*Asks:* 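The structure's right below; bear with me while I get my questions together.
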Protein chains: 2
Amino acid sequence: MKSVTRSLRILEAVAQHQPVTVGELTKLFGLPKSTVQRTLVTLNEAGWLRANRKDTTRWEIGARVLAVRPAALQGSSLFAAAREPMIRLRDALNETIHLSVPDALHSMVVVDRVDCDHAVRTFHAIGDTSPLHATATGHAVLAHLPKSEVDEFATGTLEGYGEETITDPKELRTELRRVRERGYAVNHNQYLQGVCAIAAPVLDGDGVPLAAVAVSLPDSRFEPGRLAELGQVVTDTAAEITARHLR
Amino acid sequence: MKSVTRSLRILEAVAQHQPVTVGELTKLFGLPKSTVQRTLVTLNEAGWLRANRKDTTRWEIGARVLAVRPAALQGSSLFAAAREPMIRLRDALNETIHLSVPDALHSMVVVDRVDCDHAVRTFHAIGDTSPLHATATGHAVLAHLPKSEVDEFATGTLEGYGEETITDPKELRTELRRVRERGYAVNHNQYLQGVCAIAAPVLDGDGVPLAAVAVSLPDSRFEPGRLAELGQVVTDTAAEITARHLR
DNA sequence: GCGCTTCATGCCATATTGTGGAACGCCGTG
DNA sequence: CACGGCGTTCCACAATATGGCATGAAGCGC
């Protein structure tokens, strides 16, 4: 359904650029003015958008969006289970900690974050997405999916983002085996340059991967000699979240 | 745009009932199966929905929503301005405090909450909506809207939710005058039974109502003799939020 | 094990619905 | 005062979503 898909795209764009005008959005999407205009009015009538109070030609996200909460955040699930262990991990390492979940189409989405206090630190906003095949959290999740799902996903040539990105499905599969063996995934310059991340999966009772916790730090502070140690504490944290989540 | 409006309704219904099946949604909306099905698939492809991992015929909200959610909060810089005063108000009364904003369609939406520590307390989740004409926060906002907007809204018979709901537009208007005079609004059993709330508006520089702060408590703890006192502290808090928001 | 019901999913002719080019009206500027 | 930029409205056309029906899979009782 074309109009629905487009409306959601426009909604996301408004969230990114708010408060934004019709004209700015038409340029962004290359669509006819009237089409964008109509979409904005519809979204407004549904309460998902609203006109800015000061400048009524500018649009921003309406409060109605708050009524829609992802399953991953509901009640006492993951989100609540993860908070404390994440804070402890941050305290132990003084590096930024992320919780990410896989989404419908081959992305990891940042769901929660606990910041470190270094002046130089990595930054991913809540809601940011990154490709499954090129991030530590993505690998942590992929490594625990049924082979059939990985096969379906890892086909052809995967998109590259730099020298280090694994673009060959075969190579990806051997990397995933390594991740399973040692329990954690490592990403160094595969997606964002200058960033290093170490991630471990949070699993369901049945071994289904629900999310991944990661520590993320700038190149400049990464000491290869400490990798095993970091991998261990991240894995322990993920295990603790899993345990808390199950009970 | 019919399909867009309907898709958003369905999205909200999924959020409310997740994880939910196609059949349940068709009953809920009285729409043809194929229409609902198609909508779900479209929303899924956009990442806003996903199939439940255990039971793939059940749908739940996808993580993509998170890309938009934070914008709904930061959109109103109110959120930041209100936090501290709300916490102080909670500390003073040890009752639950809410911040709500009006949305496009005659509802108030809960935007933030600070909890008390009583075992028995009222509960409204962030994102919950309630009707403008039957809540304290709604009255606080309505009382400061231009008369034309109130007239447009308060027409015919308003929906009732119990004995106490004001359903007559005329009666509502006199109540709103009282709210303006004393500065705060009171709701006792108008919408939810057993709940009492006292709210005051947060205004713009131009006197336009942006939101309302409310203290909300169970019947059992409400002492009518303390109403004036409670009204005063809530009004003071609202005034403080207004002041912080302006500078 | 076999028919029966229930439910999700796929198909396709139809007309309803959204499309987008063009025109309008408002406002600030040269 | 004319011009250009911008948001908004209009309307004939056809692309698009619709929903009744058919299919297929899964659960249940006999």
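Each chain gets a letter, A, B and so on, in the order its sequence line appears, and its residues count up from 1. Small disclaimer: the values here were computed from a predicted structure and weren't measured.
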*Asks:* Between A:Arg177 and A:Glu181, does any side-chain N to carboxylate O distance fall below 4.0 Å?
*Replies:* no

*Asks:* Whole angstroms only, please: what is the CG-C1' distance between B:Asp55 and C:dC7?
*Replies:* 11 Å

*Asks:* Want to settle it: does A:Gly23 or A:Lys2 sit nearer the 5' end of DNA chain D, counting the closest nucleotide to each?
*Replies:* A:Gly23

*Asks:* Starting at CD of B:Gln37 and ending at C1' of D:dA25, how long is that distance when rounded to a whole Å?
*Replies:* 14 Å

*Asks:* Taking CD from B:Glu24 and C1' from C:dT6, how many angstroms apart are they, rounded to a whole number?
*Replies:* 13 Å

*Asks:* Answer yes or no: is there an ion pair linking A:Glu12 with A:Arg9, defined by an N-O contact shorter than 4.0 Å?
*Replies:* no

*Asks:* What residues form a side chain to side chain donor-acceptor pair (under 3.5 Å) with B:Asn52, not counting sequence neighbours?
*Replies:* B:Glu60

*Asks:* Give every donor-acceptor pair under 3.5 Å between a side-chain atom in residues 19-29 of chain B and any protein atom, sequence neighbours left out.
*Replies:*
unit_1: B:Thr21; atom_1: OG1; unit_2: B:Glu24; atom_2: N; d: 3.2
unit_1: B:Glu24; atom_1: OE1; unit_2: B:Thr21; atom_2: N; d: 3.2
unit_1: B:Glu24; atom_1: OE2; unit_2: B:Arg58; atom_2: NH2; d: 3.2
unit_1: B:Thr26; atom_1: OG1; unit_2: B:Gly23; atom_2: O; d: 2.6

*Asks:* From C-beta outward on B:Val22, which listed nucleotide comes closest to its side chain: C:dT9, C:dC7, C:dG18?
*Replies:* C:dT9

*Asks:* Could you run down nucleotides 21-30 of chain C 5' to 3' and tag each one B, S or - for protein heavy-atom contact under 4.0 Å?
*Replies:* B---------

*Asks:* Measure the CD-CG distance between A:Glu175 and A:Asp168 for me, rounded to the nearest 0.5 Å.
*Replies:* 12.5 Å

*Asks:* In this structure, how many angstroms lie between the C1' atom of D:dG5 and the NZ atom of A:Lys27, rounded?
*Replies:* 9 Å

*Asks:* Separation of A:Arg58 atom CZ from D:dC6 atom P, in whole Å?
*Replies:* 11 Å

*Asks:* Of all the choices, C:dG20, D:dA17, C:dT9, which nucleotide is nearest to the side chain of A:Arg38 once you look at every atom?
*Replies:* C:dG20

*Asks:* Grab the CH2-C1' distance between B:Trp59 and C:dC7 for me, whole Å please.
*Replies:* 14 Å

*Asks:* Let me know the distance between CE of B:Met1 and P of D:dT16, rounded to the nearest Å.
*Replies:* 14 Å

*Asks:* Taking CG from B:Leu43 and P from D:dA17, how many angstroms apart are they, rounded to a whole number?
*Replies:* 13 Å

*Asks:* Tell me whether the rings of B:Phe153 and B:His133 are parallel (<30°), tilted (30 to 60°) or perpendicular (>60°).
*Replies:* tilted

*Asks:* Ignoring backbone atoms, test whether B:Thr35 places a side-chain nitrogen or oxygen under 4.0 Å from the OP1 or OP2 oxygen of D:dG19.
*Replies:* yes

*Asks:* Under a 4.0 Å N-O cut-off, is there an ion pair linking B:Asp103 with A:Arg50?
*Replies:* no

